[in-house]
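Side-chain atoms are counted along with the backbone in the values below, which use heavy atoms only and exclude waters and symmetry mates.
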Amino acid sequence: MAAKIAYDEVEVGTELPAQSFPVTRATLVQYAGASGDFNPIHWNEKFAREVGLPDVIAHGMFTMAEAIRVVTDWVGDPAAVVEYGVRFTKPVVVPNDDEGAVIEVGAKVAAKLDDGLVRVDLLARSAGQKVLGVSRAVVRLA
């Protein structure tokens with residue numbers, strides 16, 4: 001695969017298409033199985049509350065992975081992401097109901113770098129709160 005977005009066609013401030021990602025308790029169980037992270041704060045409501053959380057929370061790495069999908073879908077090639085980092089600011093609380101939670105992600109090109117690279121800043125929110133801070137990716141464009 002190769003990036004489908006051309007460096008010369010992108011400007012600082014270009015907004016990527018925003019996306020929303022639903023998260024249910026079933027999603028957390030599936031992620032726990034795939035990742036091997038069976039920490040009870042991600043599936044046991046009683047335990048999560050006992051350690052001071054409002055409810056079960058999504059895995060941080062799951063939240064991070066969902067957020068970068070905005071960038072990989074835009075660029076058309078996951079391998080085009082050469083650097084990605086975030087700070088976890090708030091947990092994604094996932095209630096035990098039919099709706100769960102939603103992670104809403106927007107992103108924009110914040111800087112054009114050398115050699116066909118751009119820096120993309122992401123904003124991830126859930127329940128009106130910013131859940132990832134200083135969320136940035138460096139992406140190699142065509």
Side-chain angles (χ1 to χ4, degrees), residues 1-5 7 9-142:
M1 294 180 97
K4 65 180 181 182
I5 304 295
Y7 179 83
E9 296 174 7
V10 173
E11 297 189 22
V12 171
T14 299
E15 291 193 26
L16 285 60
Q19 293 188 51
S20 296
F21 304 101
V23 187
T24 64
R25 294 283 177 96
T27 309
L28 300 182
V29 171
Q30 291 167 337
Y31 182 81
S35 69
D37 182 352
F38 294 100
N39 186 325
I41 64 172
H42 303 303
W43 58 270
N44 184 319
E45 186 173 329
K46 180 179 179 287
F47 183 86
R49 290 183 188 279
E50 285 175 353
V51 298
L53 295 168
D55 206 331
V56 165
I57 63 170
H59 303 71
M61 297 304 285
F62 171 81
T63 303
M64 188 177 175
E66 290 292 81
I68 196 65
R69 287 175 56 189
V70 168
V71 176
T72 59
D73 288 355
W74 172 70
V75 77
D77 181 6
V81 177
V82 297
E83 187 177 311
Y84 178 45
V86 307
R87 288 193 186 142
F88 301 106
T89 56
K90 297 277 184 189
V92 175
V93 179
V94 183
N96 190 18
D97 59 18
D98 293 333
E99 296 180 26
V102 175
I103 302 168
E104 299 167 335
V105 184
K108 68 179 177 180
V109 175
K112 289 185 82 169
L113 311 171
D114 295 332
D115 299 324
L117 297 172
V118 296
R119 190 186 88 217
V120 176
D121 291 352
L122 296 92
L123 177 61
R125 300 177 75 80
S126 183
Q129 298 209 4
K130 187 174 175 182
V131 295
L132 298 177
V134 192
S135 182
R136 297 180 175 155
V138 175
V139 183
R140 182 171 311 283
L141 300 181

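In this structure, L16 and K108 approach most closely via the heavy-atom pair CD1-CA, 4.0 Å. Closest heavy-atom contact between P78 and T72: CA-CG2, 3.7 Å. Taking all atoms of both residues into account, the shortest heavy-atom contact from P95 to A101 is CD-N, 4.3 Å. Between L122 and A67, the shortest heavy-atom contact is CD2-O, 3.3 Å.
With a 4.5 Å cut-off on side-chain heavy atoms, E11 and V109 do not count as touching. Looking only at side-chain heavy atoms (C-beta outward), V56 and W43 stay at 4.5 Å or farther from each other.
Interatomic distance, F88 CZ to M61 CE, rounded to the nearest 0.5 Å: 5.5 Å. One distance of note links CG of N39 with CZ of F47; it measures 6.5 Å at 0.5 Å rounding. Atom CD1 of I68 is separated from atom OG1 of T63 by 13.5 Å, given to the nearest 0.5 angstrom. Rounding to the nearest 0.5 angstrom, the gap separating the CD1 atom in I103 from the CE atom in M64 is 12.5 Å.
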What side-chain donor-acceptor pairs closer than 3.5 Å can you find for residues 21-36, not counting sequence neighbours?
residue : atom : partner : partner atom : Å
T24     : OG1  : A26     : N            : 3.3
T24     : OG1  : T27     : N            : 3.2
T24     : OG1  : T27     : OG1          : 3.0
R25     : NE   : V94     : O            : 2.8
R25     : NH2  : E45     : OE1          : 3.4
R25     : NH2  : D55     : OD1          : 2.7
R25     : NH2  : V94     : O            : 3.1
T27     : OG1  : T24     : N            : 3.2
S35     : OG   : Y31     : O            : 2.9
S35     : OG   : D37     : N            : 3.1

Show me, pair by pair, the donor-acceptor contacts under 3.5 angstrom made by side chains of residues 123-142, not counting sequence neighbours?
residue : atom : partner : partner atom : Å
R125    : NH2  : G128    : O            : 2.7
S126    : OG   : V102    : O            : 2.9
R140    : NH1  : D115    : O            : 2.8

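At least one donor-acceptor pair closer than 3.5 Å links the side chain of Y7 to the backbone N or O of L113.
The side chain to side chain donor-acceptor pair (under 3.5 Å) pairs that include a residue from residues 77-95 number zero, where partners must be two or more places apart or lie in different chains.
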